[in-house]
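In each ligand, atom 1 is the first atom listed, and ligand 1 is the first ligand listed.
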Amino acid sequence: MAAPLTTGAAPSPEQGVRRVATALLFLAAVALPCLVLYHAVAPAGVLVPPAAMLPWMQAAGPPHDDDEVNLESDSEDARLERVLRAAAMANDTVILTTLNSAWSEPGSVVDVFLESFRIGEHTRELLDHLVIVSLDATAHRRCKQIHTHCLAVATEGVDFSGQKNFMSDGYLRMMWRRIDFLRLVLEKGFSFIFTDTDIVWFRSPLLHLYAEGDFQIACDHFTGDPDDLGNMPNGGFTYVRANSETVEFYKYWYAARERYPGRHDQDVLNMIKRDPYLEEIGVSIRFLSTEFFGGLCEPSRNLSTVCTMHANCCVGLRRKINDLNVMLHDWRRFMSLRDKDKHSVSWSVPQNCSLKKVE
Ligand SMILES: *[C@@H]1O[C@H](CO)[C@@H](O)[C@H](O)[C@H]1NC(C)=O
Ligand SMILES: *[C@@H]1O[C@H](CO)[C@@H](O)[C@H](O)[C@H]1NC(C)=O
Ligand SMILES: *[C@@H]1O[C@H](CO)[C@@H](O)[C@H](O)[C@H]1NC(C)=O
């Protein structure tokens, strides 16, 4: 199979070109005849796993009729680049979310998430730039039914498919997996807006991201000062520019999990945000206002300005789905009114999310 790939240092552009060239040559010389042979002898729907599989990323489920047919010749690395390239805006920016099977079921979180883009103001076209990163085979299959840009990312021996209870071991591994994955996206040269799937999008956030700031993050509580490290960040929504500073920052953040065992990425971010090493790296961190990037912890008060609303401060999947649907309902009502009446609409959330008893 092709030369072994590493996930460590970022490849230079020359290396990237060489890698693509090698892959193409390989495809022409070996993989195509193999594929023909393979299709002749293998029963339909049976997938022979690619030999040089990266340990942290693997194919999910049987191949479909589309791009995965050439899986044999297509390294996971090349697939990542191809999906990102296809979804990127002209400035190499993508929108990313991660999905597991519990959140991918019909009527579950992902359906509400996608619906918000369709009913938001000028958000539908942003779907062209959204990559849904599936953490298990079921989520990946569902993604392919409902969305264009799907990527399967899994960790060998780890099942991310069930509903993850907050702070369980599986939940933590899933959260840290995401940080490691996002570092790789930055290394590939793609800037991104990462959004949790339990965030509804009603307006494009692009205009409200700061012109300055390598790493921008939404907040559970916003102090009013974008540069105040006392803000309480929420890792469910970030905008990160691809540069050497942010790559180094993500490596440092990911490595810090070992110093703080049992903590999730957001806690650890709070613990390292004042580390002198971050200044040494030179990464600038800025906090996004809840006025535009609101949530149940601190709702955006004005539906005339809100971009996104996060079902944070909410325990329990069914409650989350309930309140996310209430947000869609509030938004529809707001949009249906004449301008002079719009001010009368305010959020009717939290509803079930405000209940204390855990499901
Ligand atoms: C990238 O390009 C899009 C589309 O042209 C633009 O709206 C957006 O502001 C740019 N993104 C950033 C974060 O600069
Ligand atoms: C909400 O935002 C709109 C548009 O910026 C503004 O005209 C209006 O006064 C705001 N309403 C409140 C209650 O702050
Ligand atoms: C939400 O709360 C209402 C009122 O307590 C309850 O009737 C309903 O079953 C709850 N729905 C969900 C999805 O938890």
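Under the side-chain contact (heavy atoms from CB on, under 4.5 Å) criterion, Arg259 pairs with Tyr252, Ala256, Ile272, Asp275, sequence neighbours left out.
Any N or O atom pair closer than 3.5 Å counts here, and Arg319 shares no such pair with ligand 3.
For Val109 against Leu317, the heavy-atom pair with the smallest separation is CG2-CD1, 3.6 Å.
The aromatic rings of Phe117 and Trp201 sit parallel, their planes meeting at an angle under 30°, below the 60° perpendicular limit.
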Evaluate the salt bridge (Lys or Arg N to Asp or Glu O under 4.0 Å) criterion for residues Arg85 and Asp92: first the C-alpha distance (whole Å), next the side-chain angles of each, then the deciding distance (0.1 Å), finally the verdict.
CA-CA 8 Å; Arg85 174 58 55 210; Asp92 282 0; 2.9 Å; yes
Are Thr246 and Asp214 close enough, and set up right, to give a side chain to side chain donor-acceptor pair (under 3.5 Å), and what steps lead you there?
CA-CA 7 Å; Thr246 53; Asp214 299 314; over 6 Å; no
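For the pair Arg257 and Tyr254, the cation-pi test (distance below 6.0 Å, angle within 45°) is passed.
Within 4.0 Å of ligand 2, counting heavy atoms only, the contacting residues are Asn302, Ser304, Thr305.
Heavy-atom contacts from other residues, nucleotides or ligands closer than 6.0 Å to CD of Glu115 number more than 12.
Set against the non-hydrogen atoms of Asn352, the atoms of ligand 3 under 4.0 Å away are 1 (C), 2 (O), 3 (C), 8 (C), 10 (C), 11 (N), 12 (C), 14 (O).
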